[in-house]
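For reference, the structure is listed below as structure tokens.
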Amino acid sequence: MLLAAGPLGPGPGGRCWRGGWGPLLPLAARAQLPGLGHSQLRIGSDTVRRRAVARLAKPRVVAFFDARYSIINSHFVTINGLKLGLEWKNRLRTGAAVYFLSSRIPTRRARPDGVNDDARADLRFRYLALYGEYVLIENRRWELSVPLQAGLGNAYVEYVSPAGATQETPHDFVGVIEPSANAQMRIFRWAGLGAGAGWRAPVFVSSAVRKELSGPIFFLRGKLFVNDLVAVVRGRERLFSQKGLRSE
């Protein structure tokens with residue numbers, strides 16, 4: 001409960017008290033009021049604001065399998081990757097990742113001389129990337145962030161003959177920039193769902209390669225928060241409870 005100054009008026013002895021409860025506010029600002037937890041008191045404000053998510057004092061390591069989907073040459077494809085990085089104060093995530101095109105898809109490139117006409121032509125694509133992700137909006141259950149990735153890799157076409165012999169075109173050096181937006185919802189404290197969408201923009205390549213690899217990216221994934229799972233198990237809390245997720 002906040003103490004607020006009342007209207008000006010005559011006090012005892014006919015004097016006019018202008019301070020109200022003002023002299024007590026510096027003391028209240030230095031002391032934590034009972035029941036407010038991590039609340040913050042603002043001088044001159046009639047509201048108490050709570051921090052929705054506690055900030056981590058130290059950065060922590062984050063690692064996860066990142067499966068992305070895209071459309072290349074009118075085909076639905078999967079681009080799998082591994083990410084390893086650090087999370088700073090629950091707000092900024094930075095690190096590195098490696099990706100490779102797991103789906104084999106037909107290419108639009110002209111078949112070079114010396115390649116069997118019956119050979120299957122598959123576009124192959126892989127790259128290393130640095131990433132950064134900033135959380136714009138968050139509460140105990142929801143999170144909205146803006147990831148950005150920039151990487152370097154190569155793309156080539158692999159020809160596989162009916163007999164199993166393989167041939168590869170020269171590898172084209174590729175730069176990749178991928179801005180996106182990501183939303184996350186925690187179903188339990190230690191598990192949730194994430195979804196997002198963005199755009200893959202190849203750079204430093206010929207127009208033919210750029211046309212093949214440019215396109216949308218989107219993802220829908222399950223998420224396991226290992227640190228929170230360990231905390232729940234160690235604290236002997238109910239595994240499937242909503243503790244810590246409800247608004248207070």
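Because the structure is a prediction, the values reported are computed rather than measured.
Contact detail for Val135 and Arg91: the closest heavy-atom pair is O-NE, 2.7 Å. In terms of heavy-atom proximity, Arg140 sits nearest to Arg186 at O-CD, 4.0 Å. Of all heavy-atom pairs spanning Asn139 and Trp142, the tightest one is OD1-N, 2.5 Å. Looking at every heavy atom in both residues, Asn90 comes nearest to Glu138 through O-OE1, 3.9 Å.
Partners of Tyr69 under the ring-ring contact (aromatic ring centres under 6.0 Å, His included) rule, at least two apart in sequence or in another chain, are Phe76. Judged as a side chain to side chain contact (heavy atoms under 4.5 Å, CB included), and not counting sequence neighbours, the contacts of Asn182 are Glu133, Ser145, Pro147, Phe219. Residues passing the ring-ring contact (aromatic ring centres under 6.0 Å, His included) test with Phe240 are Phe188, Trp190, sequence neighbours excluded. Residues forming a ring-ring contact (aromatic ring centres under 6.0 Å, His included) with Tyr156 (at least two apart in sequence, or on another chain): His171. Every salt bridge (Lys or Arg N to Asp or Glu O under 4.0 Å) that Asp122 has, sequence neighbours left out, goes to Arg104, Arg120. Legend: residues meeting salt bridge (Lys or Arg N to Asp or Glu O under 4.0 Å) with Arg126, ordered by chain and number and at least two apart, are absent. Residues passing the side chain to side chain contact (heavy atoms under 4.5 Å, CB included) test with Leu136, sequence neighbours excluded: Tyr134, Val146. Remark: Arg60 engages Glu87 in a salt bridge (Lys or Arg N to Asp or Glu O under 4.0 Å) (not counting sequence neighbours). For His75, the ring-ring contact (aromatic ring centres under 6.0 Å, His included) criterion is met by no residue, not counting sequence neighbours. Every residue was checked against the salt bridge (Lys or Arg N to Asp or Glu O under 4.0 Å) condition with Arg141, not counting sequence neighbours, and none meets it.
The shortest side-chain heavy-atom distance between Thr94 and Trp88 falls under the 4.5 Å cut-off. Between Leu92 and Leu86, the closest side-chain pair of non-hydrogen atoms is not below 4.5 Å. Counting heavy atoms from C-beta outward, Asp66 and Tyr131 have side chains that stay 4.5 Å or more apart. In this structure the side chain of Phe64 never reaches within 4.5 angstrom of the side chain of Leu224, judged on heavy atoms. Counting only heavy atoms from C-beta outward, the side chains of Arg108 and Glu212 approach each other to under 4.5 Å.
In the hydrophobic clustering of ILVMFWY residues, with side-chain heavy atoms under 4.5 Å counting as a link, Leu128 and Phe65 come out together. Taken together through direct or relayed side-chain contacts under 4.5 Å among Ile, Leu, Val, Met, Phe, Trp and Tyr, Ile187 and Leu239 form part of one hydrophobic cluster. Under the 4.5 Å side-chain heavy-atom criterion for Ile, Leu, Val, Met, Phe, Trp and Tyr, Leu123 and Phe173 are members of distinct hydrophobic clusters. Hydrophobic clustering, with ILVMFWY side chains joined whenever heavy atoms are under 4.5 angstrom apart, keeps Phe125 apart from Leu152.
Distance alone, capped at 3.5 Å, places no donor-acceptor pair between the Gln242 side chain and the Arg189 backbone. When atom types are taken as modelled, the side chain of Arg111 and the backbone of Ala119 share a donor-acceptor pair closer than 3.5 angstrom.
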Verdict with reasoning, Tyr99 to Glu178, per side chain to side chain donor-acceptor pair (under 3.5 Å): CA-CA 12 Å; Tyr99 290 93; Glu178 294 181 341; 5.7 Å; no

Derivation and outcome, salt bridge (charged side-chain N to carboxylate O under 4.0 Å, His left out), residues Arg124 and Glu168: CA-CA 10 Å; Arg124 310 299 291 165; Glu168 295 180 1; over 6 Å; no

Which atom pairs, donor and acceptor, lie under 3.5 Å between side-chain atoms of residues 77-84 and protein residues at least two apart or in another chain?
| residue | atom | partner | partner atom | Å |
| --- | --- | --- | --- | --- |
| Asn80 | ND2 | Ser102 | OG | 3.4 |
| Lys83 | NZ | Gln149 | OE1 | 3.0 |

Considering only distance and modelled atom types, tabulate donor-acceptor pairs under 3.5 Å from the side chains of residues 192-206, sequence neighbours left out.
| residue | atom | partner | partner atom | Å |
| --- | --- | --- | --- | --- |
| Arg200 | NE | Leu213 | O | 2.5 |
| Arg200 | NH1 | Ser70 | OG | 3.0 |
| Arg200 | NH2 | Ser70 | OG | 2.9 |
| Arg200 | NH2 | Leu213 | O | 2.8 |

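The local environment of NZ in Lys223 is crowded, with over 12 non-hydrogen atoms from other residues, nucleotides or ligands closer than 6.0 Å. Residue-environment remark: CD1 (Ile137) stays at or below the threshold of 12 foreign heavy atoms within 6.0 Å. Annotation: Arg109, atom CZ; neighbour count of heavy atoms from other residues, nucleotides and ligands within 6.0 Å is above 12.
With rounding to the nearest 0.5 Å, the separation of CD1 in Ile72 from CD1 in Ile105 is 4.5 Å.
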